[in-house]
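In what follows, a structure is listed as structure tokens, so that the remarks can point back to it.
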Amino acid sequence: PCDAIIAEGYKGAPVAKIEARRSASRSREPLAPGDPNVIAIAADHPTEAHGRPIFSLDDIAGLADLIERVVIGRASSAGAAGQPESGFRP
């Protein structure tokens with residue numbers, strides 16, 4: 001069994017995601033304003049929150065706590081008999 005899968009990409013997928021923002025990125029257009037599935041933003045520069053918590057890209061403990069609390073916590077209580085629902089959404 002698996003509590004969570006972390007993958008890069010899947011911007012258009014209707015699943016919980018953490019938006020990574022890097023100052024060196026070619027595209028600086030934020031994903032969060034148009035995607036309700038963005039649960040947080042991790043950035044290496046000051047940025048607008050768009051109603052989400054903001055973390056430093058280096059804040060591994062903070063991001064891990066968020067994933068455990070929001071994604072794993074909800075998934076483990078979502079399904080019958082402790083089985084998470086597929087296609088989890090925050």
* Of all the heavy-atom pairs spanning Glu48 and Ile54, show the shortest one and how long it is. => C-CD1, 3.9 Å
* Residue pair Asp59 / Gly62: nearest heavy atoms and the distance that separates them -> OD1-N, 2.8 Å
* Sequence neighbours excluded, which residues qualify as side-chain contact (heavy atoms from CB on, under 4.5 Å) partners of Ile18? -> Ile39, Ala40, Ala42, Leu63, Leu66, Ile67
* To do: Enter the distance from Ser27:OG to Arg22:CZ here, rounded to the nearest 0.5 Å.
  => 12.5 Å
* Asked: Quick one: side-chain contact (heavy atoms from CB on, under 4.5 Å) partners of Asp35, sequence neighbours excluded?
  -> Lys17, Leu31, Asn37, Val38
* To do: Determine whether Phe55 and Ile6 fall in the same hydrophobic cluster, where Ile, Leu, Val, Met, Phe, Trp and Tyr are linked whenever their side-chain heavy atoms lie under 4.5 Å apart.
  => yes
* What's the shortest heavy-atom distance between Asp44 and Ser23, and which atoms? -> OD1-N, 2.7 Å
* With sequence neighbours left out, write down each residue that passes side chain to side chain donor-acceptor pair (under 3.5 Å) with His45, or none if nothing qualifies. => Arg28
* Looking only at atom types and distance, does a side-chain atom of Arg52 sit under 3.5 Å from a main-chain N or O of Ala32, one as donor and one as acceptor? -> yes
* Can you find a pair of side-chain heavy atoms, one from Pro30 and one from His50, that are under 4.5 Å apart? -> yes
